[in-house]
Chemist: 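Would you mind keeping the following structure in view while I ask a few things?
The model shown is predicted, which means the values in this text are computed figures rather than measured ones.
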Amino acid sequence: MKIGDRVRVKTSVIVYIHPEHRNQPFDIKGLDGEIISIIKDWNGRPISPNLPVHVKFSDKFKAHLKQEELEVISE
């Protein structure tokens, strides 16, 4: 996976931050998006974040996910 890849959420992931379902549980399984960043360091120091992949699904909705929760649909 790299920045710019189109990805799809392949596992059930419940979020409470979706703009159309604010403060309610919403499953994003099956949503398509684009990887906008993969977090590997902070201020030049290597880190190991729990949710390193930052995915943009729409202009109003972005989420941090694990690589295991995503599948690449096009590079």
Side-chain angles (χ1 to χ4, degrees):
M1 284 187 199
K2 62 186 183 304
I3 295 171
D5 285 355
R6 296 285 303 163
V7 293
R8 178 176 298 128
V9 181
K10 68 179 182 179
T11 61
S12 180
V13 179
I14 305 296
V15 297
Y16 291 83
I17 58 170
H18 194 276
E20 296 172 11
H21 306 279
R22 177 102 29 217
N23 297 327
Q24 299 171 5
F26 181 71
D27 191 359
I28 60 172
K29 182 178 180 178
L31 285 183
D32 296 347
E34 179 181 344
I35 296 177
I36 56 175
S37 68
I38 299 175
I39 302 164
K40 297 178 182 175
D41 62 33
W42 180 258
N43 295 330
R45 295 183 304 210
I47 59 171
S48 58
N50 294 333
L51 306 169
V53 183
H54 194 195
V55 180
K56 179 180 180 180
F57 294 100
S58 68
D59 288 336
K60 294 183 176 182
F61 180 52
K62 300 173 189 170
H64 291 268
L65 301 165
K66 298 177 186 175
Q67 286 187 351
E68 300 83 40
E69 297 169 334
L70 301 169
E71 63 182 347
V72 177
I73 53 177
S74 67
E75 296 185 10

Chemist: From the options Glu68, Lys66, Glu69, select the one residue that forms a side chain to side chain contact (heavy atoms under 4.5 Å, CB included) with Thr11.
Modeler: Glu69
Chemist: Within this structure, what is the CZ-CG distance for the pair Phe61 and Leu31, rounded to the nearest 0.5 Å?
Modeler: 6.5 Å
Chemist: Students often mix this up, so state it plainly: with edges at 30° and 60°, are the rings of His18 and His21 parallel, tilted or perpendicular?
Modeler: tilted
Chemist: Within a strict 4.5 Å, meaning less than it, do heavy atoms of the Ile35 and Lys2 side chains meet?
Modeler: no
Chemist: Can you check side-chain contact (heavy atoms from CB on, under 4.5 Å) on Ile28 and Leu65, steps first, answer last?
Modeler: CA-CA 11 Å; Ile28 60 172; Leu65 301 165; 4.2 Å; yes
Chemist: Got a second to check how far Met1's CE is from Ile38's CD1, nearest 0.5 Å?
Modeler: 7.5 Å
Chemist: How long is the span from the CD atom in Glu20 to the CZ atom in Phe26, to the nearest 0.5 Å?
Modeler: 7.0 Å
Chemist: Report yes if the side chains of Asp32 and Arg6 come closer than 4.5 Å at any heavy-atom pair, otherwise no.
Modeler: yes
Chemist: Report yes if the side chains of Val53 and Val7 come closer than 4.5 Å at any heavy-atom pair, otherwise no.
Modeler: no
Chemist: Is the shortest heavy-atom distance from the side chain of Ile14 to the side chain of Asp27 under 4.5 Å?
Modeler: yes
Chemist: Suppose we screen for side chain to side chain contact (heavy atoms under 4.5 Å, CB included). Which residues come up paired with Lys10, at least two apart in sequence or across chains?
Modeler: Glu71
Chemist: In Å, rounded to the nearest 0.5 Å, how long is the span from CZ of Phe57 to NZ of Lys62?
Modeler: 12.0 Å
Chemist: Please examine the side chains of His64 and Ile39, heavy atoms only from C-beta on, and report whether any two atoms are closer than 4.5 Å.
Modeler: yes
Chemist: Test of understanding: with side chain to side chain donor-acceptor pair (under 3.5 Å), list the residues that count as partners of Ser48, not counting sequence neighbours.
Modeler: none
Chemist: State, yes or no, whether a side-chain contact exists between Ile36 and Ile3 at a heavy-atom distance under 4.5 Å.
Modeler: no
Chemist: May I ask you to check whether over 12 heavy atoms, not counting those of Asp41, lie within 6.0 Å of atom CG?
Modeler: yes
Chemist: Give the minimum heavy-atom separation between Arg22 and Ile17, together with the two atoms involved.
Modeler: NH1-O, 3.8 Å
